[in-house]
Amino acid sequence: MRGSVQIVRVAGIPVRLHWSMLALPLLAIGPGLSRLASSACFLAALFASVLAHELGHSLYARRRGLEVREIVLLPFGGISVIPRLEGSASDEMAVALVGPLTSCALALGLAALAWASGIALWPPTLLGRSLLARLAWANLLLGAFNLVPALPLDGGRVLRGLLARSADRVSATARAARVARALALVMILGGLLLDLWVALLGVVVLLAAGAEEHGAALSVACTGVRVRDVMVEDGHGLGADEPVAQVASFLGAFPGRSFPVVEGGRVVGIVCSADLGRAGPGATLADVADAGAPVLDAGAELFPDAVDQLLRSRRRALPVVSEGKLAGVLYRADVEAALRRLAQG
Ligand SMILES: [Zn+2]
């Protein structure tokens with residue numbers, strides 16, 4: 001995810017921190033610097049609780065044979081990025097349920113610990129003196145809150161899965177998003193009266209529900225669209241051993257274009273006129289080409305696979321091969337135009 005940094009790997013899964021987390025300590029410390037230490041302690045523990053919730057999702061998803069790309073921690077909770085999860089309603093429902101179950105189990109464990117240590121758990125508190133009691137309640141809240149059936153919260157994913165049993169995915173998502181919007185409005189109005197955090201969260205749910213709906217509609221509109229349908233064909237590319245001095249004027253004539261660089265029939269990179277600036281005297285294309293660019297397959301689905309790779313690579317264009325041979329170039333601008341067209345139907 002953009003705007004996040006990796007802080008640790010757990011069981012091989014990168015755990016990333018979103019920059020907006022930096023604002024969290026400022027909000028939670030509140031008045032009085034003397035509370036700083038205990039707040040920091042509580043925040044760190046809260047953070048670990050959110051991570052445990054996400055690890056519940058992620059590790060269970062992996063057990064079901066799904067690839068987990070990363071976990072991103074945000075002030076509102078976490079996101080487990082599991083690319084193939086939405087392919088199956090039963091996978092999505094089961095994986096969605098495990099997160100809140102993990103939080104509730106943690107809450108129970110912490111409550112048992114508190115009880116054994118003679119710490120009072122009642123009345124419920126997130127601000128009381130005992131860290132253990134606060135954490136137990138925080139985890140219960142985390143679990144219960146995520147069960148609210150408002151997409152993209154876990155409860156909303158379960159609801160969508162249930163709706164998808166009797167309808168296609170797009171209409172199931174649309175109905176789940178309607179429920180989410182209604183709940184978001186309740187959260188915003190209630191939050192304005194009770195707690196601004198809840199109102200803010202309502203706004204996040206409102207925006208995210210719309211994005212889920214859009215994403216589901218787009219993935220249906222893109223069904224059957226392959227990389228080759230959107231790429232610009234180029235079966236030749238440029239030779240890796242070509243001297244930069246010789247191809248500079250040719251590349252300069254096509255300022256917006258990228259050309260795959262080929263060596264022995266294999267794509268070894270991609271180059272555009274802007275890359276030539278860093279060429280020393282006597283350099284060849286192999287020296288200046290972007291060799292780290294991922295290579296796409298012409299037969300791959302455009303959405304979400306190729307779109308995802310294109311966005312993650314942060315490049316304007318990627319080379320495309322078909323059965324191992326160079327086939328063309330996929331431009332980001334063309335993909336964006338195609339997605340806009342498809343989304344409009
Ligand atoms: Zn969750």
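Each ligand, and each atom within it, is numbered from 1 in the order the structure gives. Just so it is clear, the model here is predicted, and its values are computed rather than measured. For the numbers below, each heavy atom of this structure counts, side chains included, while hydrogens, waters and symmetry mates do not.
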I'd like a table of donor-acceptor pairs (distance under 3.5 Å, sequence neighbours excluded) in which one partner is a side-chain atom from residues 93-109, with atom names and distances.
from : atom 1 : to  : atom 2 : distance (Å)
T102 : OG1    : V98 : O      : 2.7
S103 : OG     : H53 : ND1    : 2.8
S103 : OG     : G99 : O      : 3.4

Please name the atom of [X], limited to N, O or S, that comes nearest to the Zn ion (ligand 1).
{"X": "D154", "result": "OD2"}
{"X": "H53", "result": "NE2"}
{"X": "H57", "result": "NE2"}

Item to check | Residue pairs fulfilling ring-ring contact (aromatic ring centres under 6.0 Å, His included) with at least one residue in residues 227-251, sequence neighbours excluded | outcome: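 Matches after skipping sequence neighbours: F250-F254, F250-F259.
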
Item to check | Derivation and outcome, salt bridge (Lys or Arg N to Asp or Glu O under 4.0 Å), residues E336 and R332 | outcome: CA-CA 6 Å; E336 283 166 356; R332 188 169 173 155; 3.4 Å; yes

Next on the checklist: Main chain of V220, side chain of R169: is a donor-acceptor contact present, judged purely on distance under 3.5 Å?
Outcome noted: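 No.
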
